[in-house]
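Worksheet: the structure to be examined is printed underneath.
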Amino acid sequence: MPNTKNSTVINLSRFISNFFNPIVSLLIYFIYSSIYFFEPGSSVNRFIPILLLIILPIVIWLIWNVKKGNYTNLDVSNRQQRKGFYFFISGVFFLYLSYDYLRNGTLDLVMLFLFILLLALQLSNYFVKSSMHTAFNVYVAALFFFREPLLGFAWLLIAALVGITRVVLGRHTVKEVCMGATIAALVSFIYLYAAIQNFNL
């Protein structure tokens, strides 16, 4: 007889992990910030390049590589497979940052530190397969915290929950989840410091 309790925990963990994957979590933040902190016209002008230059290329790349058998799954759980994936998404973010700088003459701090987080995770992957799910959600918590501290704390709880689900699903060890959280916490701290200094100018 199957263990219903364990099956429920796994199914719930799968739902949480899939829903709060890095792309969706960032998408939620970008939609939130676009609605509440930008005028309608400027929010569209800000969001469309992110959608076209970052989100869509990454989604297409993931689906294409899974279908071709280059990636085991959409999470790119295999450490060796992640090496190429990190290079691709780093290139996508570099392209966006270059476009944004040429267009506006300034660097978007949110995207710049997200790029730095990706580079840190890429470096970490040579030693420990850090959890991208956990890392991205910790960073999203920092983004929310800068706008609305209560939302930031709430999202930090979500990040912790996501980290637990990654272990439950066997996608990461506790060490890998903690490494992702630690790297993201360091990058997030520097981002918050830079964002506060920039806000006070």
Side-chain angles (χ1 to χ4, degrees), residues 3 5-33 54-55 58-59 62 66 71-86 88-90 93 110-111 113-193 195:
N3 190 324
K5 185 177 179 181
N6 284 347
S7 178
T8 302
V9 169
I10 290 172
N11 287 334
L12 183 59
S13 295
R14 190 174 289 118
F15 173 78
I16 293 169
S17 181
N18 288 338
F19 185 82
F20 293 105
N21 73 68
I23 293 174
V24 173
S25 294
L26 284 169
L27 194 58
I28 291 170
Y29 170 76
F30 287 132
I31 291 172
Y32 165 82
S33 63
I54 295 178
I55 296 172
I58 291 174
V59 170
L62 281 170
V66 169
Y71 296 159
T72 308
N73 50 51
L74 290 172
D75 289 341
V76 195
S77 298
N78 183 286
R79 185 174 157 192
Q80 293 305 314
Q81 293 171 1
R82 281 196 172 195
K83 291 179 181 179
F85 180 55
Y86 274 124
F88 175 77
I89 54 178
S90 294
F93 271 88
V110 169
M111 303 307 285
F113 279 93
L114 188 53
F115 180 58
I116 292 170
L117 175 60
L118 279 168
L119 294 179
L121 290 171
Q122 185 173 6
L123 180 62
S124 166
N125 190 60
Y126 287 97
F127 307 97
V128 178
K129 188 186 75 172
S130 301
S131 171
M132 287 180 68
H133 276 66
T134 308
F136 272 66
N137 277 288
V138 168
Y139 183 68
V140 169
L143 299 180
F144 275 116
F145 182 84
F146 179 68
R147 298 292 189 178
E148 295 285 348
L150 282 177
L151 280 177
F153 283 119
W155 207 276
L156 196 57
L157 292 176
I158 290 172
L161 187 60
V162 169
I164 293 169
T165 68
R166 302 307 287 165
V167 176
V168 169
L169 294 172
R171 296 298 173 87
H172 287 286
T173 64
V174 173
K175 177 183 178 181
E176 292 167 351
V177 166
C178 290
M179 181 63 75
T182 301
I183 291 170
L186 290 171
V187 172
S188 297
F189 179 81
I190 300 170
Y191 159 74
L192 286 171
Y193 177 80

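Just so it is clear, the structure is predicted and the values come from calculations on it, not from any experiment.
- Among all heavy-atom pairs drawn from Ile23 and Asn21, the shortest one is N-OD1, 2.9 Å.
- Residues passing the ring pair (Phe, Tyr, Trp, His ring centres under 6.0 Å) test with Phe88 are Trp61, sequence neighbours excluded.
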Please step through side-chain contact (heavy atoms from CB on, under 4.5 Å) for the pair Ile28 and Phe19, ending with a clear verdict.
CA-CA 11 Å; Ile28 291 170; Phe19 185 82; 4.1 Å; yes
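- Residues passing the salt bridge (charged side-chain N to carboxylate O under 4.0 Å, His left out) test with Arg82: none are found, sequence neighbours excluded.
- With sequence neighbours left out, the side-chain hydrogen bond (donor to acceptor under 3.5 Å, both in side chains) criterion links Ser33 to Arg46.
- Sorted by first then second residue, the ring pair (Phe, Tyr, Trp, His ring centres under 6.0 Å) pairs that include residues 117-136, not counting sequence neighbours, number zero.
- Going from atom CE of Met132 over to atom OG of Ser77 covers 11.0 Å, rounded to the nearest 0.5 Å.
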Evaluate the side-chain contact (heavy atoms from CB on, under 4.5 Å) criterion for residues Val140 and Leu26: first the C-alpha distance (whole Å), next the side-chain angles of each, then the deciding distance (0.1 Å), finally the verdict.
CA-CA 7 Å; Val140 169; Leu26 284 169; 3.8 Å; yes
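- Applying the salt bridge (charged side-chain N to carboxylate O under 4.0 Å, His left out) test to pairs two or more places apart or on separate chains, those with a residue in residues 151-172 are Asp75-Arg166, Asp75-Arg171.
- Partners of Phe30 by ring pair (Phe, Tyr, Trp, His ring centres under 6.0 Å), not counting sequence neighbours: none found.
- Across Phe113, Tyr191, Tyr29, a single residue satisfies ring-ring contact (aromatic ring centres under 6.0 Å, His included) together with Tyr139, and that is Tyr191.
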Pairs of donor and acceptor atoms involving the side chains of residues 176-190, under 3.5 Å and at least two apart or interchain, shall be tabulated with distances.
{"from": "Glu176", "atom 1": "OE1", "to": "His172", "atom 2": "ND1", "distance (Å)": "3.1"}
{"from": "Glu176", "atom 1": "OE1", "to": "Thr173", "atom 2": "N", "distance (Å)": "3.0"}
{"from": "Thr182", "atom 1": "OG1", "to": "Cys178", "atom 2": "O", "distance (Å)": "2.7"}
{"from": "Ser188", "atom 1": "OG", "to": "Ala184", "atom 2": "O", "distance (Å)": "2.6"}

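- Legend: residues meeting side-chain hydrogen bond (donor to acceptor under 3.5 Å, both in side chains) with Lys83, ordered by chain and number and at least two apart, are Gln80.
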Do Leu117 and Leu114 pass the side-chain contact (heavy atoms from CB on, under 4.5 Å) test, and can you show the C-alpha distance, the side-chain angles, and the key distance before you say yes or no?
CA-CA 5 Å; Leu117 175 60; Leu114 188 53; 4.3 Å; yes
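- Residues Ile54 and Met111 have side chains in contact (heavy-atom distance under 4.5 Å, counting atoms from C-beta outward).
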Anything under 3.5 Å between a donor and an acceptor, one on a side chain of residues 141-165, the other on a protein residue two or more places apart or in another chain? List them.
{"from": "Trp155", "atom 1": "NE1", "to": "Asn137", "atom 2": "OD1", "distance (Å)": "2.9"}
{"from": "Thr165", "atom 1": "OG1", "to": "Val162", "atom 2": "O", "distance (Å)": "2.6"}

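- Here CD1 of Ile89 is found 4.5 Å from CG of Leu118. Values are rounded to the nearest 0.5 Å.
- Residues passing the side chain to side chain contact (heavy atoms under 4.5 Å, CB included) test with Leu119, sequence neighbours excluded: Ser90, Phe115, Gln122.
- Counting only heavy atoms from C-beta outward, the side chains of Phe93 and Ile116 never approach each other to under 4.5 Å.
- For the side chain to side chain contact (heavy atoms under 4.5 Å, CB included) test, residues two or more places apart in sequence or in another chain that qualify with Arg14 are Ile10, Asn11, Asn18, Leu169.
- In terms of modelled atom types and a separation under 3.5 Å, the side chain of Ser124 and the main chain of Ala120 share no donor-acceptor contact.
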